[in-house]
Amino acid sequence: MSNPINYDPNTPLITESFDEWQENFIQNFMQLANAFAVDHVALDAVSENGNHTNVHLVEQENPQQTGISEISAYVKQVPGQTDQLFMRLPGNGTEFQYSNYQIYTVDNLNFFTFIPGGLIVYFGIFNYAVAPGQGSKKQLRFNPPIVKNIIAVNFTSLLPVVGAGVFYSELTKDKDTNIIPGIVINAVNNQYYMVIANVV
Amino acid sequence: MSSYNSNIPTSSQYMLESLPQIRANFQAIDSVFSENHESLNSNLQGMHSVLNFKSQGSDPTTSATQTSLYTKTISSNTVLFYAPNSSQTPIQMTYPAITTGTNNATPPVYLLTQQTFLPGPFVFYSGIIVGATQGQTITLTPSSTLLYVGLMIKDWKPGTQGPLTFVTACATNLSTNTFKVQFTNGLPVQNVSYIAIGI
């Protein structure tokens, strides 16, 4: 990062000599070039001047304004998460969280990703093996356990077993964290699953 | 509008004429630079505070080592696009509508049906149909052409079939943004969870 010293927008002054103007000009041009070089191809680059090399988005407190034909992108902190990318639709329209929880700790059967709107998608294979005394029910737990509301669930049998259907119920809520770490399903064999959930 | 003048100073001017023009240019640069960027002289100068994308009339050209984010108007809506390198086919990244999360009630309640989008562009629907009946027509909003609908029975209520008989629900008669709910026979009213994708 450049060292912001002094860009002076109020130079030159009539009381200054031309020598002083020149010093101020050099300082301003240097500072401008340094600042411009952050995230952008430098002013004095051989080619592609003005293009972006990277886009650091500095955390914002509030939704950003959008004109009638504009979309804005920015980052805000999400409670319980880190900074996340937000967007806002044209004309100061709907603001939505684009990115989501990024700490991936999944095994080779269970995965998750995010979709815009503060939603998370859990998917993978549910290995159905009921312990003695559990009847036909088993809980499918989600990792990371950050679900606040399950919107929809879909299961598909891995094998064409007779009676291989599945249904789910009884959302289970952790009494301490007030989050829903899993659901109870009834099945007769292993299932592919997909769960859509709110996490904010 | 910026007062920046890229044609000063001129060789015919006295220095005292150039002085206010040069200062106005430095002030204009200071002001314009702070649009979308952390301002000059700040510790984070040059980084971005926000990216406001003005709608473009056409897709940008990208070289082998460039990609591009930009907005374009599609059917009167401004949407965000990602242009891969070498001017490959751009990908639409946003959709003009999104409805997720909670309602405006106090306390807020999560919406029973929600809609978002996937790059492509695809409209992504999910939710619960409370008390779905055999053959019921379901209409999803916003309108699209449905490509995929998956149904799942929630809180199963046994019908004429025994409690150990597993039952299924499926979507038939897909037509634009509507479909019909079909159960295996003998089922009473069921709550049905759905995941659907349209374009």
Side-chain angles (χ1 to χ4, degrees), chain A residues 1-2 4 6-12 14 18 25 28 31-32 34-40 48 51 55-58 60 64 66-67 69-74 87 89-90 94 96 115-119 136 148-149 151-155 163-169 186 188 194 196 198 200, chain B residues 15-16 19 22-23 26-27 29-31 33 37-38 40-55 66 69 71 73 77-80 94 96-102 110 114 116-118 124 126-128 150-156 164-168 184 193-195:
Chain A
M1 186 190 306
S2 60
N6 285 310
Y7 177 88
D8 184 358
N10 297 313
T11 195
I14 197 167
F18 187 63
F25 290 172
N28 271 6
Q31 288 305 315
L32 184 62
N34 288 340
F36 193 85
V38 176
D39 287 5
H40 303 81
E48 301 185 303
N51 285 6
V55 178
H56 287 88
L57 288 168
V58 180
Q60 302 297 304
Q64 300 296 296
T66 54
S69 59
E70 283 182 355
I71 284 179
S72 66
Y74 48 95
M87 291 188 185
L89 296 177
T94 305
F96 57 91
I115 49 178
L119 306 183
S136 59
K148 292 186 176 176
N149 175 63
I151 307 167
V153 174
N154 216 202
F155 287 89
V166 61
F167 62 92
Y168 78 100
S169 62
N186 292 40
V188 295
M194 178 183 287
I196 314 298
N198 296 97
V200 292
Chain B
M15 284 172 57
L16 284 179
L19 183 147
I22 294 170
R23 185 165 57 203
F26 280 129
Q27 289 173 341
I29 290 169
D30 188 51
S31 173
F33 191 87
H37 296 82
E38 294 295 313
L40 293 166
N41 295 337
S42 77
N43 289 330
L44 302 174
Q45 66 174 9
M47 292 188 178
H48 294 76
S49 54
V50 62
L51 303 175
N52 281 96
F53 295 95
K54 298 281 186 187
S55 188
Q66 289 178 339
L69 283 172
T71 56
T73 300
N77 295 303
T78 302
V79 291
L80 182 68
T94 62
I98 181 169
T99 305
T100 62
T102 60
Y110 281 104
Q114 303 190 26
T116 179
F117 53 84
L118 303 172
F124 189 94
S126 57
I128 294 171
L151 302 185
M152 183 76 213
I153 294 175
K154 177 179 180 295
D155 305 320
W156 179 57
L164 295 179
T165 303
F166 285 98
V167 291
T168 57
T184 50
S193 158
Y194 66 86
I195 295 172

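These numbers were taken from a predicted model, which means no experiment stands behind them. Letters go in sequence order (proteins before strands), and every chain restarts at 1.
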Given a strict heavy-atom distance threshold of 4.5 Å, which part of [X] is in contact with chain B: side chain, backbone, both, or neither?
X       : result
A/Leu57 : both
A/Ile71 : both
A/Gln64 : side chain

Between [X] (side chain only) and [Y] (backbone N and O only), is there a donor and an acceptor less than 3.5 Å apart?
X        : Y        : value
B/Arg23  : A/Pro12  : yes
B/Gln114 : A/Ile151 : no
A/Asp39  : B/Met47  : no

In terms of heavy-atom pairs under 4.5 Å with chain B, which of A/Thr94, A/Asn28, A/Thr66 leads?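 Of the candidates given, the most pairs with chain B belong to A/Asn28.
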Heavy-atom pairs under 4.5 Å with chain B - which of A/Ile115, A/Val153, A/Asn51, A/Leu32 has more of them than the others? A/Val153
Could you state the interatomic distance from [atom1] ([X]) to [atom2] ([Y]), rounded to the nearest 0.5 Å?
X        : Y        : atom1 : atom2 : answer
B/Thr99  : A/Phe96  : OG1   : CZ    : 11.5 Å
A/Phe155 : B/Ser193 : CZ    : OG    : 9.5 Å
B/Asn41  : A/Asp8   : CG    : CG    : 8.5 Å
A/Tyr74  : B/Asn52  : OH    : CG    : 9.5 Å
A/Thr11  : B/Leu19  : OG1   : CG    : 8.0 Å

Non-hydrogen side-chain atoms of [X] and [Y] separated by less than 4.5 Å:
X        : Y        : answer
B/Phe124 : A/Ile196 : yes
A/Gln31  : B/Gln45  : yes
B/Ile195 : A/Met194 : yes
A/Met87  : B/Leu80  : yes
A/Gln60  : B/Ser49  : yes
B/Phe117 : A/Pro116 : yes

Which atoms of [X] come close to chain A, meaning under 4.5 Å heavy atom to heavy atom: side chain ones, backbone ones, both, or neither?
X        : value
B/Thr94  : side chain
B/Thr73  : neither
B/Gln27  : both
B/Leu118 : side chain
B/Leu69  : neither

Could I get the full list of ring pair (Phe, Tyr, Trp, His ring centres under 6.0 Å) partners for B/Phe26, not counting sequence neighbours?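 In terms of ring pair (Phe, Tyr, Trp, His ring centres under 6.0 Å), with neighbours along the sequence ignored, B/Phe26 is linked to A/Phe25, A/Phe29.
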Looking at A/Ser72 and B/Val50, what are the two nearest heavy atoms and their distance?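 Heavy atoms of A/Ser72 and B/Val50 come nearest at CB-CG2, 3.9 Å.
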What heavy-atom pair brings A/Leu89 and B/Pro96 nearest, and what distance separates the two atoms? CD1-O, 3.1 Å
Stepwise side chain to side chain contact (heavy atoms under 4.5 Å, CB included) check, B/Phe53 with A/Glu70: CA-CA 5 Å; B/Phe53 295 95; A/Glu70 283 182 355; over 6 Å; no
Ring center gap for A/His56 and B/His37 short of 6.0 angstrom: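 Ring centres of B/His37 and A/His56 not closer than 6.0 Å.
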